[in-house]
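Following: one structure in structure tokens, then a few remarks.
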Amino acid sequence: MDFKNSTILIAGAAGFVPGHVAEFYLRLGANVIGLDNFITGTRTTAELLQTNYPNFTFIECDIIDGLPDFSNTKIDYILSLASPASPIDFAKIPMEILRVNSEGTRHLLDLAVEKKARFLEASTSEVYGDPEVHPQVESYFGNVNTVGPRSCYDEAKRYAEALTMNYHWHKGADTRIIRIFNTYGPRMRPDDGRVIPNFINQALRDEDITVYGDGSQTRSFCFVSDLVNAIHAVLMSDDHTPFNIGNPDEYSVLETAELLIKLLGSNSKIKHFDLPEDDPKRRRPDISKLQSQTDYRPVVGFEEGMRLTAEFFKTLH
Ligand code: UDP
């Protein structure tokens, strides 16, 4: 695959998933322009990409306010990956989350129309809320509490999907939509608040593992390299409707804690805390649509992925 003559604009490039997506296309020879305001992205990721890839250009900006002047720049693909996504962000920066997924996404879509660039919106499994259908299929409309603590993200992403489809129908934008399920891997922030960084770092320090509720709630964890392959598969497909992307291997949170203690040879004990409000009880992507239309298959299993992630966190200790 040759992307040497392609330019890809990645909003949120200093974030965890977008940083890996940027690296994937940089390795294929694309010119990548990364945008980030560092609200949750890190300077370390931006610097790592700048240091290792001469074909990477970074611009610090907040896409809520508008985009840099690209009038003389050819842009072939625009990836809308700029949104805080951890539940601890929902209470801290709700306005920024609502605005980046509405005003920010609209700015990117307008640019996509102007440049005739293919546009990809990174939506989320959160559009299904606390799902009553399991596993979640794309045709399920979801069960979201519009006035709950997660609504700033869930509803903003539902709006971003609607905006994307309407730009496709009414403004001729060439769009793709992905719904990303739980993803983990190297370069996650250790203080990100999500279950895998919390559990791995607690296990590495022999601290109590903080299981919220009884731990019977489930998640399906996808290693970041598999996720990047899925994003690429959807970007290259011809389908404008949403695709679930992730790894359908499902674990309860308690099981995840127990497996990590064993895998990392930790002396940590499990300690239970209150379950956050509206915490989804079960989550697993049905990825049959993606698998029937592309050759995507997740290949990194739980043990291998968790080991690689733990190796990364060890370098920070
Ligand atoms: N969780 C937990 N302990 C933690 C962090 C998270 O038990 O230290 C639980 C959380 O309540 C949820 C699941 O792990 O049921 C996944 O949470 P995360 O914040 O990673 O993302 P979510 O899938 O809820 O968006």
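Scope of the values below: all heavy atoms of this structure, side chains included, with no hydrogens, waters or symmetry mates. Residue numbers start at 1 and run along the sequence shown. Indexing begins at 1, ligand by ligand and atom by atom, following the structure's order.
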- Message: Rounded at 0.5 Å granularity, tell me how far CG in Leu308 sits from CD in Glu303.
- Response: 11.5 Å

Under 3.5 Å, is there a donor-acceptor pair linking the side chains of [X] and [Y]?
X	Y	answer
Tyr212	Gln217	no
Ser237	Gln293	no
Tyr128	Arg179	yes

- Message: Check for me whether the distance between the ring centres of Tyr25 and His232 falls short of 6.0 Å.
- Response: yes

- Query: With ring centroids as reference points, do His317 and Phe313 lie under 6.0 angstrom apart?
  - Reply: no

- Item | Protein residues that have a heavy atom under 4.0 Å from any atom of ligand 1, sorted by chain and number | Pro87, Glu126, Arg150, Asn182, Gly193, Arg194, Val195, Asn198, Phe199, Thr210, Val211, Tyr212, Gln217, Arg219, Val253, Pro276, Asp279, Arg283

